[in-house]
Amino acid sequence: MSPERVVVTGGAGFLGSHVCDALLREGAQVVCVDSFRTGSRENVPDGVTVVAADVTRPLDLLGPVDLVLHLACPASPADYLRMPVDTLRTGGFGTYHALDLARRKGARVVVASTSEVYGDPEEHPQRESYWGHVNPIGPRSVYDEAKRFGEAMTVAFRAEHGVDAGIVRIFNTYGPRMRAHDGRMIPTFLRQALAGEPLTVHGDGLQTRSLCYVDDLVRGLLAMARSDHPGPINLGNPDEVTVLDVAHRSIEVTGSASEIRHVESMVDDPRRRRPDIALAQEVLGWQPRVPLEEGLRSFVREFAG
Ligand SMILES: NC(=O)c1ccc[n+]([C@@H]2O[C@H](COP(=O)([O-])OP(=O)(O)OC[C@H]3O[C@@H](n4cnc5c(N)ncnc54)[C@H](O)[C@@H]3O)[C@@H](O)[C@H]2O)c1
């Protein structure tokens with residue numbers, strides 16, 4: 001039997017490159033489709049076939065495809081606020097083309113959605129049945145609504161074309177290969193702590209996040225790929241911590257003398273975030289294993305060089 005052939009869109013990004021690593025370890029043939037808008041070639045492991053392409057255009061790939069993992073999309077607020085129209089195009093047209101590739105090849109496809117579809121949630125923790133509380137015209141809407149549209153498109157492809165498509169809603173994930181300046185909380189804190197600069201905490205810092213280490217997330221994503229479940233399924237770490245707490249732990253693991261500086265709150269920043277992962281536990285037998293402290297230490301080892 002020939003090895004499984006997997007297309008990873010966004011395979012040059014943070015999550016996508018770790019997915020490529022895991023697939024190679026499993027013996028799959030991996031094709032990374034990426035425009036390198038926020039990712040880089042150095043992230044892509046040796047042995048992966050790289051196709052430089054923008055998913056907002058039709059994806060024409062020769063040969064069989066068994067599985068499509070659709071991760072291409074700017075994910076850091078700093079990135080999607082810098083390219084709002086492009087983010088909507090990627091979440092919309094890009095998801096359409098990834099689904100259409102799976103339709104033509106008869107492949108399973110898993111679409112990466114996000115906890116941001118829940119917006120600033122009124123239900124806590126968030127279950128998959130919660131419809132969300134999203135500001136459709138706020139600055140973050142380009143990402144949130146693109147992902148909501150992508151979910152609707154996925155459901156429509158399943159209904160109309162019988163595509164074996166599934167949705168995962170990924171909660172904040174961190175780890176090696178996040179860019180030091182990508183604007184997300186953990187790389188920002190670690191960069192600031194290692195440089196001895198003040199750690200910038202938005203607002204009072206009592207807003208909460210649930211942070212999943214990348215290895216755990218990839219395991220969950222691949223479990224979803226191997227299932228035939230339509231989702232959406234939450235993937236994230238239910239251990240809820242305040243932003244202030246993450247800042248203190250970042251100082252601790254880096255052995256830094258940095259202080260904390262409170263800066264202006266971000267517009268539409270969610271107050272609370274915690275996944276209910278009962279569904280992932282039940283249908284995928286998945287749950288995260290890496291505690292925050294341990295994940296931060298692994299990340300720091302890479303970050304500090
Ligand atoms: N990391 C997280 O905490 C998190 C949380 C929720 C959801 N997600 C989702 O997971 C996926 C990956 O996120 P990430 O953190 O690795 O982000 P990332 O920015 O590191 O990676 C995204 C990748 O997609 C590529 N890309 C962007 N637009 C493209 C386009 N139009 N055509 C082709 N390639 C394109 C980028 O070049 C990059 O390599 C995204 O879909 C994101 O929405 C991530």
Side-chain angles (χ1 to χ4, degrees), residues 7-21 31-44 48 50-59 68-98 101 110-118 126 140 142-151 154 167-187 209-218 220-221 224 232-237 270 273 275 288 295 299:
V7 172
V8 182
T9 74
F14 158 54
L15 284 183
S17 62
H18 286 277
V19 169
C20 290
D21 278 334
V31 179
C32 156
V33 176
D34 204 294
S35 65
F36 305 107
R37 214 180 248 91
T38 59
S40 70
R41 271 179 199 271
E42 296 81 72
N43 283 343
V44 185
V48 170
V50 177
V51 175
D54 192 314
V55 292
T56 61
R57 306 192 60 78
L59 292 172
V68 178
L69 298 175
H70 178 50
L71 295 159
C73 187
S76 158
D79 290 331
Y80 62 72
L81 295 176
R82 191 163 44 82
M83 34 190 176
V85 172
D86 205 51
T87 300
L88 279 159
R89 284 172 52 80
T90 300
F93 299 129
T95 303
Y96 169 80
H97 290 307
L101 176 70
V110 175
V111 171
S113 183
T114 170
S115 56
E116 303 290 330
V117 300
Y118 300 123
Q126 294 82 52
R140 301 170 77 105
V142 295
Y143 182 67
D144 305 1
E145 296 293 13
K147 290 289 183 179
R148 288 167 70 97
F149 180 85
E151 288 199 7
T154 307
I167 300 165
V168 286
R169 291 186 180 148
I170 301 171
F171 283 64
N172 288 21
T173 301
Y174 68 97
R177 297 194 197 136
M178 288 181 102
R179 287 165 292 143
H181 288 274
D182 92 352
R184 289 185 268 192
M185 176 174 64
I186 291 191
R209 294 294 179 267
S210 299
L211 301 157
C212 189
Y213 189 63
V214 62
D215 292 357
D216 281 333
L217 198 284
V218 170
L221 189 67
M224 180 64 169
I233 293 188
N234 287 337
L235 292 180
N237 192 323
R273 239 336 126 59
F299 193 2

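For ligands, and for the atoms within them, numbers begin at 1 and follow the listed sequence.
For R273 and E116, the salt-bridge test passes: some basic side-chain N is under 4.0 Å from an acidic carboxylate O.
Every side chain to side chain contact (heavy atoms under 4.5 Å, CB included) that A78 has, sequence neighbours left out, goes to S76. When the salt bridge (Lys or Arg N to Asp or Glu O under 4.0 Å) test is applied to R184, the partners found at least two apart in sequence or on another chain are D182. Partners of F93 by ring pair (Phe, Tyr, Trp, His ring centres under 6.0 Å), not counting sequence neighbours: none found.
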Less than 3.5 Å apart, N/O on ligand 1 and N/O on the protein: could you list those pairs with the distances?
| residue | atom | partner | partner atom | Å |
| --- | --- | --- | --- | --- |
| ligand 1 | 1 (N) | R184 | NH1 | 3.1 |
| ligand 1 | 3 (O) | T173 | N | 2.8 |
| ligand 1 | 3 (O) | T173 | O | 3.4 |
| ligand 1 | 15 (O) | R184 | NH1 | 2.8 |
| ligand 1 | 15 (O) | R184 | NH2 | 3.1 |
| ligand 1 | 16 (O) | F14 | N | 3.3 |
| ligand 1 | 16 (O) | L15 | N | 2.8 |
| ligand 1 | 19 (O) | T38 | OG1 | 2.7 |
| ligand 1 | 20 (O) | F14 | N | 2.9 |
| ligand 1 | 24 (O) | C73 | N | 3.4 |
| ligand 1 | 31 (N) | R37 | NH1 | 3.2 |
| ligand 1 | 31 (N) | D54 | OD1 | 2.9 |
| ligand 1 | 31 (N) | T90 | OG1 | 3.1 |
| ligand 1 | 32 (N) | V55 | N | 2.9 |
| ligand 1 | 34 (N) | S35 | N | 3.1 |
| ligand 1 | 34 (N) | S35 | OG | 3.3 |
| ligand 1 | 37 (O) | D34 | OD1 | 2.6 |
| ligand 1 | 37 (O) | F36 | N | 3.4 |
| ligand 1 | 37 (O) | R37 | N | 2.9 |
| ligand 1 | 37 (O) | T38 | N | 3.1 |
| ligand 1 | 37 (O) | G39 | N | 3.0 |
| ligand 1 | 39 (O) | G13 | N | 2.9 |
| ligand 1 | 39 (O) | D34 | OD1 | 3.2 |
| ligand 1 | 39 (O) | D34 | OD2 | 2.6 |
| ligand 1 | 39 (O) | G39 | N | 3.4 |
| ligand 1 | 41 (O) | L71 | O | 2.8 |
| ligand 1 | 41 (O) | K147 | NZ | 2.8 |
| ligand 1 | 43 (O) | Y143 | OH | 2.5 |
| ligand 1 | 43 (O) | K147 | NZ | 3.0 |

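The neighbour count for R82 CZ, taken as heavy atoms of other residues, nucleotides or ligands under 6.0 Å away, is above 12.
In this structure, R148 contributes its side chain and V117 its backbone to a donor-acceptor pair below 3.5 Å.
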